[in-house]
Amino acid sequence: MKPKRSTKRMSLARDLDKPRWRVFIIATLIIALFAMVSIKALELQVLDRERAFKIARKQHHGTSTLLPRRGKIFDRNGKKLAVNVDVKSIYANPKNVVDPKVTAKVLSDKLGLPEEKIHKRVASNKSFVWIKRLADSKPAEELQTSDIKGLGFIPEPKRIYPNGTLMGQVIGFTDVDSIGIEGIEYKYDGSLIGKTRKITLKRDARGNKILSDLSEIQDIDTDKTSGQDIVLTIDSQIQHIVERELKEGIEEMGGEKGMALVMNPETGEVLAMASYPFIDPNSYSKFPEQNRRNLPIWYAHEPGSTMKVFLAASALEEKKVNPNSQFNCENGRRKIGSAVIKDVKARGTLTVSEIVKYSSNIGASKIGELMGRDTYYKYLKKFGFGEKTGIGLPGESKGQLASPRKWGPIELATISFGQGVSVTSLQLVTALSAIANGGYLMKPYIIEKIVDPEGNIVTENKPEVITRVVSYDTSHQMKQMLQSVVEDGTGKKAQIPGFSVAGKTGTAQIPNPKSGGYYSDRYIASFIGFTPVEDPKIVMAVVVEAPRKKTHGGSVAGPIFKNIAEKVLFHMDVSPKKELVGMKVMPDLSGMSVRDILKWSEEQGVKVDVKGSGYVSSQKPLPGDLIKEGMVCSIELKQNI
């Protein structure tokens, strides 16, 4: 018989085995945790090292966004129209500010900011606050030399327009965040804006951003951050001429506003586009908001008698008339239904050429009747009226051209001489270019190309024919008619010594929105033309609203056209008749150094009287004036600010 095991002994043995199992379980868990930590460490330090660094940087560093570096804007010859200049932005580390109240007072006085607002920032618990982005250079330099504790300075790009008001409405401008809000700056903001630049800032134990020294700034973008550059078809020298003569002409006639546009008829390239009153994009907030409008593409107005050009061309093309076809102009008064059409001067029988030359409304109404509303409408559309040109600028108007179904006999008559229809200066110049170039409607453009920071062309525009509007024969006949307008008709004041000119005057009443009729004393005076007639280099429209001294297009806009075209032709080296050989156009010398001036004077054979040092700030004669060999030009230089 086997002896029985002691129950007490067995229980004691089990109790002795329990710690071993516990130790084993705990050891296993420790080994597993160690393995997991080791694997994670291997992953972070070897397999995903960059991600680990990013996590660490995020925990110990913050970021602050700097203003982007926008691409530059150039004219066709490489002259800078919009650039960036590094300007100091001011920040503070409130924890290092010794006396927030005194500091706020000094900053307020220097920067023109509310003292209470600044005090709130410099007295905060943060370690980094902006005080003033893109501060003016003088107060920024004074503050930097004053050694105020807690202040710091970071260079950021500020948008600058070195030519002031030149092309202000066309180029547009940017806001304080360097975002385009008008003109080309707005339309092509996506190309110009550039990549966002950031700086890294250390964090303190509480997570606040710290930047105590400029050397701690690191630009975390490795790629180039500049935006794309834009090259325009504009010639800034021609633009100078246009703006100067437009301003002087409008002010002389007491006009309220005006516009001018110059185009190459062979290509559709816009060489100048001006609106008056001007605006300086460097200080746009100081100008009335209506000054921002790019009038040659935005301002739609009744064209008046300039529309007779396209009426006559359409009738010639359709073989309804020839230049010698005769019409009875009823001694200056014709009744259509309940309406009466009048001419400025009573005339009897006139040919088509004479109707255009003397600008007869009655003659135009009869040509319109011969054409018929549907055919005439078709040609107006072919010339581009009633549609946007697609020039690629913001704010373009398509004008107003009603469907021919809405034309009664009186509407057909009035549209024939440019009333009851509205057009833009860009549409007029584009349409007239089809007459000047032999019959082709060209697509107008102002952007020549867009170039990336490496110099690669991203986009490039080339001359584009939209359609043939009229034949070469019709174009030739119209050139002769329009030349007679300037030589012996209503456009005599547009004559240019040494050059042949073709053109048409226009005088239109301004609609009164309150009465539904027209103002009796407010007119739009215009002139459209091209030169030289035998080989047109430029086509131009000049429009002046509400001139007070005179009102007729030939007397108001004609002289402005003449003054602009004369100087532009010399600038383009278009050969005149013998008596003007040797004359040249004074260029814009702004920004040139003494060395540049002396080189230019030697090449041109003119003398210069130079005063000051640095770079050209003013000159006489002014840009666009005619000069010749032996003249003395006064040049004043100043150091760049």
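For this chain, numbers begin at 1 and follow the sequence in order. Here the structure is a predicted model, which means the values were calculated and not measured.
K381 NZ: more than 12 foreign heavy atoms inside a 6.0 Å radius. The number of heavy atoms from other shown groups lying within 6.0 Å of NZ (K80) does not exceed 12. Heavy atoms from other residues, nucleotides or ligands lying under 6.0 Å from CZ of R333 number 12 at most. Within a 6.0 Å radius of CZ in F74, other residues, nucleotides and ligands contribute more than 12 heavy atoms. Dense packing is recorded around OH of Y519, with more than 12 heavy atoms of other residues, nucleotides or ligands lying under 6.0 Å away.
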Please walk me through it: do K247 and E243 pass salt bridge (charged side-chain N to carboxylate O under 4.0 Å, His left out)? CA-CA 6 Å; K247 176 179 183 294; E243 290 192 6; over 6 Å; no

K308 vs S359, test: side chain to side chain donor-acceptor pair (under 3.5 Å). Steps then yes/no. CA-CA 8 Å; K308 292 168 185 170; S359 203; 3.0 Å; yes

Quick one, F385 with V421, criterion side chain to side chain contact (heavy atoms under 4.5 Å, CB included). Give me CA distance, side-chain angles, the key distance, then yes/no. CA-CA 9 Å; F385 298 111; V421 59; 5.8 Å; no

Start with the C-alpha distance between E318 and K382, add both sets of side-chain angles, then the distance that settles salt bridge (charged side-chain N to carboxylate O under 4.0 Å, His left out), and finish with yes or no. CA-CA 13 Å; E318 282 292 302; K382 286 183 71 175; over 6 Å; no

Determine, stepwise, if the pair E460 / K462 fulfils salt bridge (charged side-chain N to carboxylate O under 4.0 Å, His left out). CA-CA 7 Å; E460 186 171 19; K462 297 288 186 181; 3.5 Å; yes

Could you give me the CA-CA distance, side-chain angles and deciding distance for N361 and K342, then say whether side chain to side chain contact (heavy atoms under 4.5 Å, CB included) is met? CA-CA 7 Å; N361 291 340; K342 299 178 182 179; over 6 Å; no

For D343 and K345, what are the C-alpha separation, side-chain angles and deciding distance, and is it a side chain to side chain contact (heavy atoms under 4.5 Å, CB included)? CA-CA 5 Å; D343 280 338; K345 186 174 181 180; 5.9 Å; no

Does the side chain to side chain contact (heavy atoms under 4.5 Å, CB included) test come out yes or no for Y523 and V556, once each step is laid out? CA-CA 11 Å; Y523 295 87; V556 176; over 6 Å; no

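Between G255 and V544, the shortest heavy-atom contact is CA-CG1, 4.2 Å. The minimum heavy-atom distance between V423 and P303, with the atom names listed, is CG2-CB, 3.7 Å. Considering every non-hydrogen atom in both P277 and N291, the closest pair reads CB-ND2, 3.6 Å. When all heavy atoms of A565 and T531 are compared, the pair lying nearest together is CB-CG2, 4.2 Å. Closest approach of P394 to G183, counting heavy atoms only: CG-O, 3.5 Å.
Using a distance-only test at 3.5 Å, with no hydrogens or angles considered, no donor-acceptor pair links the side chain of S305 to the main chain of T505. Without hydrogens or angle criteria, E245 side chain to P559 main chain gives no donor-acceptor distance under 3.5 Å. Panel note: side chain D75, backbone N77; a donor-acceptor pair is recorded below 3.5 Å. Side-chain atoms of S353 come within 3.5 Å of backbone N or O of P323 as a donor-acceptor pair. Put simply, the side chain of T375 never gets that close to the backbone of G372: no donor and acceptor are under 3.5 Å apart. In this structure, E566 contributes its side chain and N563 its backbone to no donor-acceptor pair below 3.5 Å. Judged purely by atom type and a 3.5 angstrom limit, T507 uses its side chain to pair as donor or acceptor with the backbone of G553. Put simply, the side chain of Q619 gets close to the backbone of P621: a donor and an acceptor are under 3.5 Å apart. Using a distance-only test at 3.5 Å, with no hydrogens or angles considered, no donor-acceptor pair links the side chain of Q169 to the main chain of A274. At least one donor-acceptor pair under 3.5 Å links the side chain of K443 to the backbone N or O of G390.
Under 3.5 Å, the side chains of K406 and S403 contain no donor-acceptor pair of N or O atoms. For D473 and S471, the side-chain atoms include no donor-acceptor pair closer than 3.5 Å. With hydrogens and angles left out, the side-chain atoms of R347 and S360 include no donor and acceptor closer than 3.5 Å. Using modelled atom types, one finds no donor on one side chain facing an acceptor on the other under 3.5 Å when comparing S500 with Q483. Side-chain contact of T349 with Q326: a donor-acceptor pair under 3.5 Å is absent, judged by distance alone.
Between T233 and N461, every side-chain heavy-atom pair lies at or beyond the 4.5 Å cut-off. I435 places a side-chain heavy atom less than 4.5 Å from the side chain of F383.
Taking the six-membered ring wherever Trp is involved, the centroid distance between the rings of Y276 and F278 falls below 6.0 Å.
A cation-pi arrangement is absent between K567 and F570, since the terminal nitrogen or guanidinium carbon is not both under 6.0 Å from the aromatic centre and inside a 45° cone about the axis.
Taking OG of S526 as the start and CE of M307 as the end, the distance is 10.0 Å to the nearest 0.5 Å.
Salt-bridge annotation for K366 and E330: present, with a side-chain N of the basic residue lying under 4.0 Å from a carboxylate O of the acidic one.
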